[in-house]
2 protein chains.
Amino acid sequence: MVDTGNGAEPGGRAAARYVGIAAELREAIMCGEYAVGSQLPSETTLATRFDVSRGTVRQAVALLAAEGLVGSRQGARRIVVGRERSQSFAELNSFAQWAQAMGYRVSGQVLEQRRRDADAAEAVRLALQPGDQVLSVLRLRSLEGEPVMLERTVYAGWIAPAVERIPPDCESITQALYEDVGLVFAYGEHLIDAVSAGVEDSRLLVVRRGSPLLRQRRVTTTHEGRPVEWSDDRYRAGSVTFSIRNSVDANPLVRQMGDLRLMS
Amino acid sequence: MVDTGNGAEPGGRAAARYVGIAAELREAIMCGEYAVGSQLPSETTLATRFDVSRGTVRQAVALLAAEGLVGSRQGARRIVVGRERSQSFAELNSFAQWAQAMGYRVSGQVLEQRRRDADAAEAVRLALQPGDQVLSVLRLRSLEGEPVMLERTVYAGWIAPAVERIPPDCESITQALYEDVGLVFAYGEHLIDAVSAGVEDSRLLVVRRGSPLLRQRRVTTTHEGRPVEWSDDRYRAGSVTFSIRNSVDANPLVRQMGDLRLMS
DNA sequence: TAGTGGTCTAGACCACCGA
DNA sequence: CGGTGGTCTAGACCACTAG
């Protein structure tokens, strides 16, 4: 009974039972065993099949619902609403982790890096005092050798030394910071809109001035809620698309008017 | 004991206890009673305070976690990570409902509407047979009198009659379809990217050709997973921003039996 | 009306955090 | 080490869906 029935994580840590059950169901959905639009077995049936309580089954299907794979309504059986899992946190926060997951060859290059004082807006976003030091970095990211994204990041001063130790051609900053100082990017807030390519944008991304760019601005924080970085990432049009799946019960995304005070 | 402690919904339906508890905590967070970065009371404390079981408390905080307001790590108290709720399926799926919730004056105008046969791509997205009839609609949406979004929607043939009954200047199609035939948009899949304004785009949105537009393509389905519409919406740059808050806890779940949630 | 998901309880044990 | 969240159980009742 100690065995979870799904083995242990590669890291050696045991997986929760419901995670394994979710994985099994997810696999069945992605393989088409449960077709899109069809019903899932009832919770009671699944509880019997996996020999767990109904609560554990509900945890498993909650996971699938969060991924946008299944939906539910009281009184009716759960149905399959999709076959592809929508983006994970890592995919939204780390360009390299997303690209690698998609099987792309990714590279990055630091073009500029310097310490300076935080301006008022940055101080607010990074929870610093105005005048505190920050590290400003300009990076060009490429996919399959093609430049696709320009990243302007401002790191809080306390993490600057670790960032400066990262080689300029490092692929994944997220991973480097984790391996170096154990920093985990735990929460993110993202603003997505479209902008015209400026002078620097157009030169580095090799597009015409004024051509459309997909912009993702974000603040990333640690587990403790401590802001680590504030970034403005601009993608060449056509190179990247954000995908979101939602349901009337769960939805991670909202629209906002253009003139945001905090995040301009 | 029948009273939920939080009254009933306006519609007359009783609210779940955990929803009321979440509302109370949410209010406290938004009012700054629990500051961003500070800790929430422990689950046990909250269970005592609200006189419910720990499971119910966990459902409540799961709701807040899904909204991106709080985060958690095993062994440590939950912390507040944000003050603004990012929520509502309606906000992502219905332009009018989003705008109205934000307090904006919204309007819409049908510029073109006609039935035709579905092409191959549309048939796939709407789960139709190639050659089945669809209803193609071009709508211009305005905010505060300013045109901000151009909507090119293809409705599955089975809902076409109801769509055709909608007045051309109707503000909310979502609401109209609900009131007319009880149709509920339950699930959505969205693709967000940036494109250049084409000839028609630039004329109707009053922007220069080639200027950046934020594009949201989406498929919306019913509770049963039946596709209703496929739409290509283009926003004038600067008019609208999408916002997402996410967390590394792939695990949107929480609780002992409920579901709910995220995205990322 | 039978089946199903939604809510809730009152326990239990464990892994992890911080002092 | 005590406190905390994460996981899990085995019940219960209700609201809703579907035949």
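Since the structure is predicted, the reported quantities are computational estimates derived from the model, not experimental observations. In what follows, every chain begins at residue 1, and chains take the letters A, B, ... in the order their sequences are listed.
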With no hydrogens and no angle check, is any side-chain donor or acceptor of A/Arg17 less than 3.5 Å from a backbone partner on A/Phe50? yes
Write down the distance between CG (A/Leu64) and C1' (C/dG5), rounded to a whole number of angstrom. 15 Å
Please report the closest heavy-atom contact between A/Asp117 and A/Gly131, naming both atoms and the distance. OD1-O, 3.5 Å
Using whole Å, what does the distance between atom C1' of nucleotide C/dT7 and atom CZ of B/Phe50 come to? 17 Å
Under-3.5 Å N/O pairs linking protein and nucleotides 2-5 of chain D:
from	atom 1	to	atom 2	distance (Å)
D/dG3	N2	B/Gly75	O	3.0
D/dT4	OP1	B/Arg77	NH1	3.0
D/dG5	OP2	B/Glu43	N	2.8
D/dG5	N7	B/Arg54	NH2	3.4
D/dG5	N2	B/Gln74	NE2	3.4

Check A/His223 against A/Tyr187 and note the closest heavy-atom contact, atom names and distance. O-CE1, 3.5 Å
Give me the one residue out of B/Leu63, B/Val61, B/Val52 that meets side-chain contact (heavy atoms from CB on, under 4.5 Å) with B/Ile21. B/Val52
Closest non-hydrogen atom pair between B/Ala127 and B/Pro227, with its separation: CB-CG, 3.8 Å
Distance in angstrom units between B/Asp51 CG and C/dT9 P, rounded: 8 Å
For the helix from C/dT1-D/dA18 to C/dG18-D/dC1, how many degrees between its two end axes (five pairs per end), to the nearest 10°? 20°
Just N and O in the side chain of A/Tyr18: are any of them under 4.0 Å from OP1 or OP2 of D/dC8? no
Roughly how far, to the nearest 0.5 Å, is the CG atom of A/Leu25 from the OH atom of A/Tyr34? 6.5 Å
Between A/Ile79 (CD1) and C/dG5 (P), how many Å, whole number? 12 Å
Pairwise side-chain contact, B/Glu151 with B/Ser231, heavy-atom cut-off 4.5 Å (strictly under): yes
Test item: A/Glu27 and A/Glu33 side chains (from C-beta on) under 4.5 Å apart, heavy atoms: no
For B/Arg165, what residues pass the salt bridge (Lys or Arg N to Asp or Glu O under 4.0 Å) criterion, not counting sequence neighbours? B/Asp180
Below 4.0 angstrom from OP1 or OP2 of D/dT7, is there any side-chain N or O of A/Thr56? no
Measure CD/A/Gln59 against C1'/D/dG6 and give the value in whole Å, please. 8 Å
B/Val52 side chain: which of C/dT9, C/dT7, D/dT9 is closest? C/dT9
